[in-house]
Amino acid sequence: DGTHDLVFGAPWASSLSEVRFLELPAPAWDLSTDELMWASLVADADTELGHDLLFDDLNADGKLDLVVAAPGDDYNEEDAGAIYIFYDVATKLVATNLTASVEADTIVRGTGFQARFGIAMAAAGDLDGDGTRDLVVSQLSGGSMGQYGVLWALSGDRLASDPSANDAAIGVWQGIT
């Protein structure tokens with residue numbers, strides 16, 4: 001729309017984890033006001049929603065998608081982690097205080113006690129040659145298998161229906177910490 005936008009995560013906000021979307025009318029940017037906020041996603045504070053953010057076109061529709069990490073998500077096990085995917089983010093997120101788990105098109109949940117899936121993410125191009133862009137997601141722990149870092153390569157083509165990390169994986173690498 002010709003204006004500058006700013007998106008940032010506030011994973012350790014007081015009572016909620018939050019991702020805020022701001023429209024910044026140049027040249028006077030006053031970030032101390034909520035008047036600039038046009039949308040926000042929220043989740044329980046302990047999910048750490050917004051720890052990492054990534055924009056990419058994961059479903060090859062020509063529109064920008066948003067991936068939001070929540071490494072403290074407890075859905076499967078304590079701090080197993082999750083990533084929330086919002087396709088065509090520009091048209092989807094149009095109000096404040098939207099609940100991330102309700103509004104997300106896809107949620108990929110980590111498995112393993114304190115695995116912290118989603119601690120970091122990166123766009124990876126098309127690793128598996130299926131025509132969709134893929135994601136690389138890391139986690140800190142292997143859960144019950146011991147302490148090691150894990151790097152997951154997730155196929156953009158397999159992200160459409162709330163898969164587990166195992167179901168969406170095209171590659172998994174682990175190292176001892």
Side-chain angles (χ1 to χ4, degrees), residues 5-23 34 37-61 63-124 132-141 143-144 150-169 172:
D5 297 322
L6 174 67
V7 179
F8 63 92
W12 298 285
S14 60
S15 62
L16 295 171
S17 292
E18 190 170 15
V19 176
R20 287 189 170 204
F21 301 80
L22 305 179
E23 187 170 83
D34 282 343
M37 186 168 50
W38 56 271
S40 65
L41 293 166
V42 296
D44 291 337
D46 64 347
T47 66
E48 299 174 36
L49 182 77
H51 188 275
D52 199 3
L53 305 171
L54 182 136
F55 287 92
D56 202 355
D57 181 10
L58 295 174
N59 58 355
D61 66 354
K63 298 174 183 169
L64 203 54
D65 307 319
L66 171 65
V67 184
V68 179
D73 187 280
D74 293 334
Y75 184 82
N76 284 331
E77 293 185 58
E78 180 183 336
D79 291 343
I83 59 172
Y84 296 80
I85 301 173
F86 303 87
Y87 295 114
D88 190 11
V89 68
T91 59
K92 183 162 192 72
L93 303 178
V94 294
T96 58
N97 295 319
L98 297 170
T99 303
S101 61
V102 172
E103 299 298 326
D105 293 297
T106 297
I107 303 172
V108 182
R109 303 216 187 255
T111 57
F113 177 72
Q114 296 182 341
R116 300 190 51 75
F117 178 78
I119 197 75
M121 302 180 297
T132 59
R133 297 185 50 82
D134 303 322
L135 271 178
V136 175
V137 180
S138 66
Q139 71 182 48
L140 291 180
S141 169
S144 63
V150 179
L151 188 64
W152 297 82
L154 305 179
S155 173
D157 190 46
R158 299 181 193 173
L159 294 175
S161 59
D162 293 340
S164 69
N166 287 326
D167 292 338
V172 180

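Just so you know, these numbers use all the heavy atoms, side chains as well, and skip hydrogens, waters and symmetry mates.
With hydrogens and angles disregarded, a donor-acceptor distance shorter than 3.5 Å links the side chain of Asp134 to the backbone of Gly156. Looking at Ser138, its side chain never comes within 3.5 Å of a backbone N or O of Val150 through a donor-acceptor pair. Distance alone, capped at 3.5 Å, is enough to place a donor-acceptor pair between the Asp65 side chain and the Asp88 backbone. Between the Asp105 side chain and the Tyr87 main chain, a donor and an acceptor come within less than 3.5 Å of each other.
Here the OG-CG distance, from Ser17 to Asp46, works out to 7.0 Å after rounding to the nearest 0.5 Å. The line from CD of Glu103 to OG1 of Thr99 is 7.0 Å long, rounded to the nearest 0.5 Å. Atom OG of Ser164 is separated from atom CD1 of Ile107 by 13.5 Å, given to the nearest 0.5 angstrom. Considering OG1 of Thr111 and CZ of Phe117, their distance stands at 8.5 Å, rounded to 0.5 Å. Atom CZ of Phe113 and atom CD of Glu77 lie 8.0 Å apart (nearest 0.5 Å).
Ile83 has its side chain out of reach of Val68: every pair of non-hydrogen atoms, C-beta onward, lies at least 4.5 Å apart. A heavy-atom distance below 4.5 Å is found between the side chains of Leu159 and Val108.
Side chain to side chain, Asp73 and Tyr84 meet the donor-acceptor criterion of an N or O pair below 3.5 Å.
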Donor-acceptor pairs under 3.5 Å, side chain of residues 48-58 to any protein atom, not counting sequence neighbours: which ones?
{"unit_1": "Glu48", "atom_1": "OE1", "unit_2": "Arg116", "atom_2": "NH2", "d": "2.7"}
{"unit_1": "Glu48", "atom_1": "OE2", "unit_2": "Arg116", "atom_2": "NH1", "d": "3.2"}
{"unit_1": "Glu48", "atom_1": "OE2", "unit_2": "Arg116", "atom_2": "NH2", "d": "3.4"}
{"unit_1": "His51", "atom_1": "ND1", "unit_2": "Ile119", "atom_2": "O", "d": "3.2"}
{"unit_1": "Asp52", "atom_1": "OD2", "unit_2": "Met121", "atom_2": "N", "d": "2.7"}
{"unit_1": "Asp56", "atom_1": "OD1", "unit_2": "Arg133", "atom_2": "NE", "d": "2.6"}
{"unit_1": "Asp56", "atom_1": "OD2", "unit_2": "Arg133", "atom_2": "NE", "d": "2.8"}
{"unit_1": "Asp56", "atom_1": "OD2", "unit_2": "Arg133", "atom_2": "NH2", "d": "3.2"}
{"unit_1": "Asp57", "atom_1": "OD1", "unit_2": "Ala60", "atom_2": "N", "d": "3.2"}
{"unit_1": "Asp57", "atom_1": "OD1", "unit_2": "Asp61", "atom_2": "N", "d": "3.3"}
{"unit_1": "Asp57", "atom_1": "OD2", "unit_2": "Asp61", "atom_2": "N", "d": "3.4"}
{"unit_1": "Asp57", "atom_1": "OD2", "unit_2": "Gly62", "atom_2": "N", "d": "2.8"}

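Contact detail for Ala80 and Gly110: the closest heavy-atom pair is CB-O, 3.5 Å. Closest approach of Trp152 and Ala169 over heavy atoms only: CE3-CB, 3.8 Å.
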* To do: With side chain to side chain contact (heavy atoms under 4.5 Å, CB included) as the test, would you mind laying out the steps for Thr47 and Asp74 before giving the verdict?
  => CA-CA 7 Å; Thr47 66; Asp74 293 334; over 6 Å; no
